[in-house]
Structures are given as structure tokens and as C-alpha cells.
Amino acid sequence: MSSPTPLLANLNDEQHEAVTLPPRPALILAGAGSGKTRVLTTRIAWLIQTGQVSPGGVMAVTFTNKAAKEMLTRLGAMLPIPVRGMWIGTFHGLCNRFLRAHWKLAALPQGFQILDSSDQVSAVKRVIKAMNLDEERFVPKQVTWFIAGSKEDGLRPKDVQARDENTRTMIRVYEAYEEQCQREGVVDFAELMLRTYELMRDNEALREHYQRRFRHILVDEFQDTNKLQYAWLKMFAGPQAAIFAVGDDDQSIYAFRGAQVGNMAQFEREFKVEKVIKLERNYRSFGNILDSANELISRNSRRLGKNLRTEAGPGEPVRVYESTSDFGEAQWLLEEIQQLHREGMPRSDIALLYRSNAQSRVIESALFNAGVPYKVYGGLRFFERAEVKHALSYLRLIENPNDDTSFLRVVNFPTRGIGARSVEQLQDAARVSGRSLCQSVGAVTGKSGVNLQGFVRMVDDMREATRGLTLREIIEHMLHASGLVDFYRTDKDGKERLENLEELVNAAEAFVTQEGFGKDAVALPVDEVAAVSAPQTESVRQELAAAVTPDAETGEIMSPLAAFLTHASLEAGDNQAQAGQDAIQLMTVHSAKGLEFDAVFITGLEEGLFPHENSLSDVDGLEEERRLMYVAITRARKRLYLSFSQTRMLHGQTRYNVKSRFFDELPEPALKWITPRNQGFGSGFAREYQSAWSRGSGMGSMVGAGRVEPRAPAVVPRAPSHGLRAGQSVFHNKFGEGVIVTLEGSGDDARAQVNFGRHGTKWLALSVAKLTPVE
DNA sequence: TTCACTTGTTTTTTT
DNA sequence: AACAAGTGAA
């Protein structure tokens with residue numbers, strides 16, 4: 001290195017090597033907490049600063065808006081020059097950009113709108129209804145899943161293999177759904193990707209243009225890419241671009257939605273990556289935490305292989321706590337948290353993680369009752385709230401009256417005497433004429449027809465009245481003219497909803513001022529024209545120029561309203577924007593990915609819950625659960641707590657659980673089983689004991705081995721004639737030790753449901769099976 | 001058309 | 001337990 005750049009000053013050797021790799025396909029295996037984002041952004045800055053590429057020649061793709069924003073922010077701090085013309089964004093955001101510029105070639109209307117997942121389900125539902133199919137057999141959600149899955153495999157209806165009658169029908173639905181979307185001028189998320197991919201594939205001039213342009217393509221979280229995204233990247237990269245893929249196969253936790261970890265190995269092979277660089281030095285956690293993570297994940301097969309190390313020393317042990325009930329677990333969490341907070345740890349540096357959302361309830365009530373501020377992630381997001389979706393539907397109808405999804409959503413909300421019957425008539429009429437609902441209102445006779453026409457006129461009036469107004473004024477007018485404001489004002493719990501509608505106005509205002517609306521839609525084609533004005537393909541230049549030709553009527557390239565609606569679908573808003581007070585962080589393990597905290601509590605570590613019972617059937621499922629656990633562990637900086645409970649309320653009934661197998665996969669020396677404290681609520685009931693049962697499977701490193709006392713179950717079940725009770729530990733010759741979950745029947749019919757941990761939960765006839773009580 | 005009641009469902013989630 | 005979706009009566 002002739003002149004050391006300050007950019008690279010604080011990188012370790014591995015990072016340095018990754019950042020300064022020659023412009024060839026590269027694969028970086030970046031462990032948790034190894035400075036992945038840093039490498040990614042420094043690489044971009046370095047490439048630009050050393051003049052190897054102009055900002056316009058860089059594309060950087062992420063999965064979430066958050067990651068994209070973070071990358072932009074960090075880059076902004078590194079580079080003095082504004083990063084204009086760089087394509088940094090999510091896969092879908094970049095596709096949106098692309099399709100806004102090439103809408104004509106993509107056969108889309110200029111103002112095409114994007115369906116979010118719930119819109120998509122209701123659109124599919126309509127197709128299923130229109131085709132007179134049985135909704136029991138063809139569940140809209142599942143069919144939607146099928147369609148999205150097909151698209152993510154790059155398959156159009158004609159390409160999908162019709163293995164059986166069922167699939168054949170779903171393909172017909174897929175086909176009809178596509179027609180419907182095209183007719184209504186809407187696209188779903190997968191369509192954004194597929195449409196972009198196909199246009200690149202089929203249009204040589206465009207392909208050459210973009211392939212020549214992007215010299216460097218950087219991909220974050222590569223392990224989460226699906227088949228289509230992989231093909232998409234290949235299409236944009238062409239033969240000469242350098243793809244810089246960063247990922248961690250051990251953190252692949254989205255296989256259930258189509259992510260293919262195999263893409264990493266495939267990439268290595270297909271792009272002839274000479275040397276895979278591993279970032280294994282961890283800057284986040286102490287040794288005991290990392291040892292636990294390493295040991296656990298080593299149980300997975302088919303890994304690319306990677307071991308995290310730290311120079312921070314072992315730190316504190318990983319604390320393990322067993323509780324008799326989920327309630328007790330929550331109490332313990334509460335006390336532990338308060339202790340940490342008293343010791344000076346900010347609440348926002350403490351995370352409570354769980355496998356599934358339903359588990360948050362108990363914890364929430366414990367925190368709530370104690371008056372501890374907390375924040376739950378993963379609830380309804382802003383743009384997904386019913387009242388906001390209603391408002392957005394009106395706005396969409398102003399923009400595009402043929403958007404039937406929106407039409408149906410609000411045609412009778414607030415109620416205006418248009419019931420199911422009227423809507424059905426209207427849909428029939430529309431089907432016959434092949435036109436949109438809005439265009440078909442004239443065909444419905446009688447009182448229904450009058451009401452329907454009244455609705456359409458109302459929307460038309462809105463469109464007329466808001467012409468030329470600012471975005472804020474448009475929304476305010478719509479809120480009143482639609483009757484939404486009046487409706488929620490009289491509604492008994494409409495106050496909060498009204499506030500959300502007010503918030504929508506603010507969001508729009510912020511969108512216009514801060515973002516500079518339609519940044520993606522407008523500025524980029526303009527940039528694109530500039531970028532290609534030189535010796536590029538003339539046809540592409542013309543195409544791009546056409547895309548930025550203003551609308552003859554309004555003079556706008558894309559209306560602020562259309563741009564805002566796009567923004568609303570592509571970026572659903574924060575999960576729950578509770579004011580910035582210092583609060584405990586509650587979230588699922590999935591949503592914790594990418595975050596880090598001083599103290600992390602992983603709760604509900606029970607067989608059937610974590611690992612989840614639905615994942616136990618196959619090896620892949622279990623390995624994904626293990627990766628999930630790995631992700632959870634590696635979120636912790638200083639302290640890690642693991643907890644489980646013998647009983648838990650689930651779906652309204654008490655379940656008896658066995659501790660998670662993951663405990664057997666952690667290094668004993670790193671763990672410390674902590675003694676239950678006096679819980680301090682009432683006498684006789686809630687004192688917790690270490691049960692003999694829990695010590696069964698070889699956890700030799702128990703501390704304080706002397707205090708084995710008979711367990712006092714939280715709720716003492718009645719003892720029937722066979723002498724067994726729910727919650728009791730039993731031994732079975734074949735399945736080993738288990739816990740009785742439920743008992744049914746009596747005499748010869750008596751049956752027991754027993755949870756045998758890794759052997760699963762079984763129903764056993766007591767007259768046949770020999771169950772020996774263990775105590 | 002609407003309201004009250006019954007029934008069924010319940011992993012993880014971004015765009 | 002909690003919520004959505006469906007059903008039946010006014």
C-alpha cells in the first residue's frame with residue numbers, strides 16, 4: 001500500500017483484506033458482531049476514494065430499509081462527496097426505482113401501486129371467489145403463499161409444474177390473479193423483483209446498459225437471498241461486475257420464507273471465488289457468550305465453518321434459570337432487570353427475547369404491573385393499522401379508481417348502505433364486462449345501484465376537489481369527505497384511531513419535506529439520463545428520457561400522492577413508535593437479528609417452544625431453530641440469561657414442558673445455574689424449587705447441589721385412580737423420561753399425553769404403556 | 001344491514 | 001386467552 005488511507009486505519013487484518021480485495025467476485029463470511037456493516041461501507045468508500053469506481057457504478061443491496069439507511073448514514077460520514085447516483089437500497093426499493101424508470105417497457109401504468117401482503121391476500125381471495133372455488137380447500141393465505149413462492153422461484157404460471165389436480169387449480173388462480181393485478185395496475189412485492197428480472201433478461205439494450213454501469217455490486221445478508229434474488233443479482237452483475245457478497249450461513253433464519261442458504265456455496269462455486277474471507281474476530285461479546293454460541297452451532301451439519309473468537313476475556317458466566325411457571329419466570333425476569341438497572345444499565349440495553357409473539361403477554365403484564373417501561377417490537381406497524389389502511393385506500397382510489405382492492409375495502413366503510421349483496425351484484429357485473437368495479441356501478445340497478453353510484457361520485461368529487469392541492473391538503477380533505485373523521489369521532493374507542501389518522505397527515509408532511517417526495521421515482525431516472533448521456537445505447541437513453549417526461553396534464557412526473565402511496569407500501573413504518581423513553585426491549589428472536597444489547601434474556605427455552613414443535617419433524621427445521629438460538633445468543637454483549645419454565649399457559653391451557661435440548665448443547669463451564677430466589681409474593685404458593693426432574697440429563701455443573709427439595713407444583717392437579725397427574729415426570733422404556741401433559745378418560749380408556757422432549761409428545765394408552773413415576 | 005353470538009385458529013417476518 | 005371470521009336473528 002503506497003499511501004495508507006485513513007479509511008482503513010482501524011481495521012483488523014481480516015477486515016482490511018476484505019475491504020481491499022481486487023475487483024472480482026468475493027464472498028465474505030462475516031460472523032455475528034465481526035464488523036460486517038463496517039466492512040461493507042468501508043469497501044464502498046475505499047473503492048470510490050481510490051478512484052476505482054464512480055458513485056454511479058456502485059450498487060449496494062440490503063433486505064431491510066433500516067440496513068439501507070444505516071449504510072447510507074455511515075457512508076455519508078466517510079465520504080466528503082455526496083453519494084449521488086449510487087444505488088443503495090433494499091432489493092424491492094431498487095426494483096421500484098428501476099420499474100419507475102422503465103414502466104413502459106415493463107408494461108406497467110406509470111403510477112402503478114404496490115400491494116402489501118394483506119392486500120395481496122385479499123386480492124387472491126377475490127380471485128378464488130370469482131373462480132367459484134372452495135375457500136376451505138384453497139385457503140387464500142396458502143394460495144398467496146404458493147403464488148409468492150412461485151414468483152420467488154422465478155416461475156410464471158406456465159412454468160410451474162402441475163404435479164396434481166390441486167396444483168393445477170392453484171396455477172389457474174395464479175394466472176387469474178396476474179391478470180387481475182395487471183388490469184388494476186398493481187404489483188405485489190415478488191412481482192417487483194420478477195418483473196425487473198424479466199425485463200433485464202429480455203431487453204438486451206437495457207441489460208447492457210446496467211451491466212456496463214454497475215462495476216461493483218455489494219450484497220448484505222447474502223444468506224437470506226432467495227432463488228430469484230440470486231438470479232437477479234447475476235443479471236445485473238453480468239460477466240464483468242464484481243459482486244461482493246457478505247453473509248453468515250449460521251445466521252440464516254429465513255428458510256421458511258424461501259431464503260436459500262445454499263446460495264452462498266453456489267455463489268462461491270459459480271463465480272469462482274478464489275478465497276473466502278472469514279471475519280471471525282468478534283467485537284461484541286465476552287468469551288463465555290461466544291463459547292456458548294460456537295459450541296451450539298457446531299452441532300449443525302453443512303456449515304461453511306467458522307468460529308468466533310474474542311480478545312475480551314471470558315466475562316461473566318451465562319446464567320440459567322428454571323422456573324415452575326411462566327408467571328414465575330416473568331417475576332424473575334422483572335427482578336433481574338430491576339437489579340441490572342439499579343446497577344446502572346440503561347433499560348434500552350436490556351432485551352427480552354422469545355421465540356413466538358404469544359409469549360410476550362406474561363412478561364408484559366409483569367413489567368406493566370411493576371411500572372417498568374418497556375417497548376414491544378413486532379406489533380402492528382403504522383401503515384398496517386386498519387384506520388390507516390382505510391385512509392390509504394381512499395387515497396389510492398383518488399389516484400386510480402380501478403384499484404378494486406381499495407374499492408372493496410372502503411366501499412362500505414364507514415357504512416353507507418352498501419352490503420354484501422350489492423357488492424356481489426357489482427362484482428358479477430364487473431366480471432361479465434371485464435371492467436373494474438368502479439366502471440361497473442352503472443350496471444347495478446335499483447337502490448343498490450344508486451348507493452354505489454353515490455360512492456363513486458364521492459370519490460370522483462374528492463379527486464376533483466383535491467386537484468392541485470398539496471399532499472397534506474389532499475389527505476385532510478379526504479379524511480373529512482370520506483366520513484372517516486366523523487365515524488371515528490363518534491366511535492367509542494375511536495380516539496386513538498383519530499390520532500393515528502392525524503399521524504398519517506404528519507407522515508405525509510414529513511415525506512414531502514424531508515424526503516423530497518418521489519426521490520426514487522423522479523430524481524433517479526433523471527440521474528440515469530445523465531449517467532448514460534455519454535457513449536451509451538441510444539435506445540436506453542430515449543427510454544429513460546421518456547420516463548421522466550412530465551404528465552401532460554399536471555406537469556408532474558409522478559404525483560406526490562402516488563409517490564407517498566408507494567412509500568407507504570414499501571416502508572410500512574416503525575413497528576411501534578413509542579416515545580423515546582428508556583425502556584426494556586421486548587421482541588422475538590427473529591426481530592432481534594442485527595441488534596445487540598448489554599444484557600440479553602432468552603426466555604421460554606422449552607422443548608416444543610424453542611425449538612418450536614413445528615420444526616422438529618425434519619433435520620433442516622431443527623438446524624434452523626439452532627441457528628435461531630445462535631442468533632439470540634450472539635446478541636448479548638456482557639450478560640446472557642437463559643430461562644425456561646416447567647409449565648406455561650398456551651392457547652388458554654397449561655402445558656407441561658421439558659427444558660430445551662439446547663441446554664445440552666452448550667458448554668457446561670460457561671453456564672451457571674442460578675438458585676431461585678424467594679419470589680416474595682405471598683407464602684406457600686410461589687416459592688420456587690429446583691426439582692429433581694430438571695437435573696435429569698447430565699447437567700453436572702449444577703451449583704449448590706445440596707438444595708434438592710420436593711417440587712411444589714404451581715397448581716396441584718387432582719390425583720385420579722391410576723395415580724398419575726399432569727405435570728408428573730414419568731419414565732417410559734422406549735422414550736425415556738417425559739412429563740405428563742394431559743390425562744384423559746378413566747379405567748381402560750385412560751390415556752396420557754406425555755412430552756418426551758426430543759422424542760416428541762405422544763399419546764399413550766395407560767392400559768398398554770408402562771409409565772413409571774419418577775420423583 | 002347490522003349486531004350479537006359461535007366457531008376456529010394460533011411460529012418465526014421483510015418487502 | 002385473544003382474536004378473526006362466519007352465522008343467524010332482528
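The analysis underlying the following values was restricted to heavy atoms, covering all of them including side chains, and did not include hydrogens, waters or symmetry mates.
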Test for a donor-acceptor pair under 3.5 Å between the base of B:dT10 and the side chain of A:Ser356, counting only N and O atoms. no
Closer than 3.5 angstrom, by distance alone: can the side chain of A:Asn451 be matched with the main-chain N or O of A:Ile418 as a donor-acceptor pair? no
Given B:dT11, B:dT13, B:dT15, the nucleotide with the shortest approach to the side chain of A:Arg257: B:dT13
Quick one, A:Val187 and A:Leu108 - any side-chain contact, counting heavy atoms below 4.5 Å? yes
Between B:dT15 atom C1' and A:Arg195 atom CZ, what is the distance in whole Å? 17 Å
Round to the nearest Å and state the distance from A:Phe383 atom CZ to B:dT13 atom P. 21 Å
Which of the following nucleotides, C:dA1, B:dT11, B:dT14, is nearest to the side chain of A:Arg381? B:dT14
A:His567 and A:Phe383 aromatic ring geometry - parallel, tilted or perpendicular at 30°/60° bounds: perpendicular
With a non-hydrogen cut-off below 4.0 angstrom, is A:Ala190 in contact with a base, only sugar-phosphate, or nothing? nothing
Would you mind classifying the nucleic acid contact of A:Phe63 as base, sugar-phosphate or nothing, using non-hydrogen atoms under 4.0 angstrom? sugar-phosphate
Euclidean distance, atom CD of residue A:Glu135 to atom P of C:dA4 [Å, nearest integer]: 18 Å
Using a cut-off of 4.0 Å on non-hydrogen atoms, how would the nucleic acid contact of A:Asp188 be classed: base, sugar-phosphate, or nothing? nothing
Among B:dT13, B:dT11, C:dA1, find the nucleotide with the atom closest to the side chain of A:Met649. C:dA1
Hey, is the side chain of A:Thr588 poking within less than 4.0 Å of OP1 or OP2 on B:dT13, counting only N and O atoms? yes
Categorize A:Asn412 for me: base, sugar-phosphate, or nothing, with a 4.0 angstrom heavy-atom threshold over every strand shown. sugar-phosphate
Over all strands shown, is A:Ile418 touching base, sugar-phosphate only, or nothing at heavy-atom distances under 4.0 angstrom? sugar-phosphate
From C-beta outward on A:His651, which listed nucleotide comes closest to its side chain: B:dT10, B:dT12, B:dT1? B:dT10
So which one's nearest nucleotide on DNA chain B is more toward 5', A:Gly417 or A:His612? A:Gly417
Stacking between A:His590 and B:dT13, defined as ring centres under 5.5 angstrom apart with planes under 30°, is that present or not? no
If the cut-off is 4.0 Å, is A:Asn357 near the phosphate of B:dT12, judged by side-chain N/O to OP1 or OP2? yes
Please report, rounded to the nearest Å, how far the P atom of C:dG6 is from the CG atom of A:Asp134. 12 Å
Measure CG/A:Leu609 against P/B:dT10 and give the value in whole Å, please. 16 Å
Tell me the interatomic distance from A:Gln113, atom CD, to B:dT15, atom C1', rounded to whole angstroms. 15 Å
Between the base of B:dT15 and the ring of A:His92 - centre-to-centre under 5.5 Å, planes within under 30° - is that a stack? no
Less than 4.5 Å apart, side chain to side chain, heavy atoms only: is that true for A:Lys151 and A:Phe189? no
Face-to-face contact A:Tyr254 to B:dT12 six-ring, under 5.5 Å, under 30°: no
What is the distance, to the nearest angstrom, from the CD1 atom on A:Ile602 to the C1' atom on B:dT12? 15 Å
Are any of the side-chain heavy atoms of A:Val261 and A:Glu623 separated by less than 4.5 Å? no
Indicate, with a heavy-atom threshold strictly under 4.0 Å, whether A:Thr415 touches base, sugar-phosphate, or nothing. sugar-phosphate
Calculate the interatomic distance between A:Phe610 atom CZ and B:dT12 atom C1'; express it in whole Å. 10 Å
Which part of the nucleic acid, if any, lies within contact of A:Ser422, taking any heavy atom under 4.0 Å across all strands shown: a base, the sugar-phosphate backbone alone, or nothing? sugar-phosphate
Applying side-chain contact (heavy atoms from CB on, under 4.5 Å), can you list everything that pairs with A:Ala68, at least two apart in sequence or on another chain? A:Thr62
